[in-house]
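Note sheet for the following structure.
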Amino acid sequence: MSRPLPTIHGITEHDAGPYRLERLDLEFSNGERRQFQRLHGRGHGAVVVVPMLDADTVLLVREYAAGMHRYELGLVKGRIDAGETALEAANRELKEEAGYGAARLDHLRALTLAPTYMSHEAQLVVARDLYPERLPGDEPEPLEPVPWKLDDLHQLILREDFSEGRSIAAVFIAREWLRQHA
């Protein structure tokens, strides 16, 4: 079923750190009127990178996750800087966080974090044909690289320290894409 988008009668904005909190005054096609709040990012988007050490091995990183106050396994990820494409940002973040560059980068799709209340999107990129290269990053300590076999994803998703939804979705999407584009 296709519905017309609600009519926006007004938007009020408030500063919320790296985000802008927006209150939308909406009217739906059935005449119902509601106010919704959403967080709108201030930057140029983000990337989530699936770095492939070889055809069967993804390179994860372990880093401190302040929101959970613990160390988490996940994928290379970060902001897209002004003037960068998603592929350029993916390669830069890969060099900063994992110490590798990629000769082959493929953009697969956008991932949303919580689309009912955030406008944030991250571009999913698969990085292949890796070579050692490190750039200084903004992390307070070096990230620990952790190779993981794609055939063992069933074990990875059961780990307590691999909980970030974008990383979980991205490794499965990338695995299926790689199987089709081998």
Side-chain angles (χ1 to χ4, degrees), residues 1-52 58 60-61 63 65-70 72-94 97 104-127 138 150 153-154 156-181:
M1 176 161 94
S2 178
R3 295 182 183 169
L5 289 172
T7 301
I8 300 174
H9 289 287
I11 300 174
T12 55
E13 300 177 356
H14 304 281
D15 186 41
Y19 295 96
R20 186 176 66 241
L21 177 63
E22 295 180 339
R23 179 170 286 129
L24 297 116
D25 180 10
L26 300 173
E27 183 178 348
F28 290 81
S29 61
N30 63 359
E32 286 291 321
R33 200 139 173 196
R34 296 280 194 283
Q35 287 195 349
F36 279 67
Q37 290 184 353
R38 70 179 177 192
L39 289 174
H40 191 71
R42 295 179 187 267
H44 302 281
V47 291
V48 175
V49 186
V50 180
M52 299 302 299
V58 62
L60 304 172
V61 291
E63 71 177 309
M68 303 304 294
H69 188 57
R70 66 180 183 214
E72 281 274 320
L73 275 176
L75 292 170
V76 168
K77 55 193 151 311
R79 293 187 190 119
I80 298 172
D81 289 339
E84 275 186 321
T85 67
L87 296 180
E88 291 167 340
N91 211 22
R92 177 184 49 75
E93 289 290 342
L94 183 59
E97 294 187 5
R104 291 175 64 189
L105 295 157
D106 293 288
H107 177 261
L108 301 193
R109 60 168 295 164
L111 298 172
T112 60
L113 190 57
T116 55
Y117 68 91
M118 289 184 78
S119 65
H120 177 75
E121 284 188 340
Q123 303 305 314
L124 173 55
V125 175
V126 172
D138 58 2
L150 288 179
L153 289 184
H154 62 286
L156 180 63
I157 62 171
L158 296 177
R159 292 178 59 114
E160 291 291 323
D161 64 347
F162 186 72
S163 68
E164 198 237 347
R166 292 178 303 173
S167 289
I168 293 170
V171 293
F172 279 97
I173 293 167
R175 182 183 71 177
E176 293 309 307
W177 184 86
L178 287 164
R179 286 179 176 169
Q180 293 176 13
H181 295 87

Here the gap from L108 atom CG to E176 atom CD, rounded to the nearest 0.5 Å, amounts to 11.5 Å

Tell me whether E160 at atom CD has more than 12 heavy atoms from other residues, nucleotides or ligands lying less than 6.0 Å away.
no

Any heavy-atom pair between the side chains of E93 and V47 that's under 4.5 Å?
yes

Quick one: does S167's side chain have a donor or acceptor within less than 3.5 Å of a partner on L75's backbone?
yes

Once ring pair (Phe, Tyr, Trp, His ring centres under 6.0 Å) is applied, do any residues pair with H154, and if so which ones, sequence neighbours excluded?
none

Any residue meeting side chain to side chain contact (heavy atoms under 4.5 Å, CB included) with L113, in chain and number order, not counting sequence neighbours
M118, H120, R166

Between R159 and E72, is a side chain to side chain contact (heavy atoms under 4.5 Å, CB included) present by the stated rule, with each step listed?
CA-CA 10 Å; R159 292 178 59 114; E72 281 274 320; over 6 Å; no

Between V126 and L178, is a side chain to side chain contact (heavy atoms under 4.5 Å, CB included) present by the stated rule, with each step listed?
CA-CA 9 Å; V126 172; L178 287 164; 4.1 Å; yes

Might you point out which heavy atoms bring L105 and L87 nearest each other, and give the distance in Å?
CD1-O, 3.6 Å

With heavy-atom distances below 4.5 Å as the criterion, would you say the side chains of R104 and M52 are in contact?
no

In sequence, state the C-alpha distance, the side-chain angles, and the governing distance for R92 and E84, and then conclude on salt bridge (Lys or Arg N to Asp or Glu O under 4.0 Å).
CA-CA 10 Å; R92 177 184 49 75; E84 275 186 321; 2.7 Å; yes

CD1 (I8) and CG (L24) are apart, to the nearest 0.5 Å, by 5.5 Å

Results of side chain to side chain contact (heavy atoms under 4.5 Å, CB included) for T12 - residues two or more places apart only:
H14, R23

Which residues pass the side chain to side chain contact (heavy atoms under 4.5 Å, CB included) test with L153, not counting sequence neighbours?
W148, L150, L156, V171, F172, R175

Taking every heavy atom of F162 against every heavy atom of I168, the minimum-distance pair comes out as CE2-CG1, 3.4 Å

Sorted by chain and number, sequence neighbours left out, side chain to side chain contact (heavy atoms under 4.5 Å, CB included) with R109 holds for L111, L124, I173

Just checking L5: does its CG atom have more than 12 heavy atoms from other residues, nucleotides or ligands closer to it than 6.0 angstrom?
no

So, do V125 and V50 sit near enough that their side-chain heavy atoms are less than 4.5 Å apart?
no

Shortest non-hydrogen pair, L94 vs A127, comes out as CD2-CB, 3.8 Å

In terms of side-chain heavy atoms, does Q123 have a donor or acceptor partner in H107 at a distance below 3.5 Å?
yes

Spatial distance of atom NE2 (H40) from atom OG (S119) [nearest 0.5 Å]:
4.5 Å

Would you indicate whether Y117, at its atom OH, is surrounded by more than 12 heavy atoms from other residues, nucleotides or ligands within a distance under 6.0 Å?
no

List the steps and the verdict of side chain to side chain contact (heavy atoms under 4.5 Å, CB included) for H9 and E27.
CA-CA 7 Å; H9 289 287; E27 183 178 348; 2.7 Å; yes

Under 3.5 Å donor-acceptor pairs involving side-chain atoms of residues 31-39, not counting sequence neighbours:
from	atom 1	to	atom 2	distance (Å)
E32	OE1	R34	NH1	2.6
R33	NE	D25	OD1	3.2
R33	NH2	D25	OD2	2.9
R38	NE	E22	OE1	2.5
R38	NH2	E22	OE1	2.8

Side-chain (E88) to main-chain (T85) donor-acceptor, under 3.5 angstrom
yes

Evaluate the side chain to side chain donor-acceptor pair (under 3.5 Å) criterion for residues S163 and R70: first the C-alpha distance (whole Å), next the side-chain angles of each, then the deciding distance (0.1 Å), finally the verdict.
CA-CA 11 Å; S163 68; R70 66 180 183 214; 3.1 Å; yes

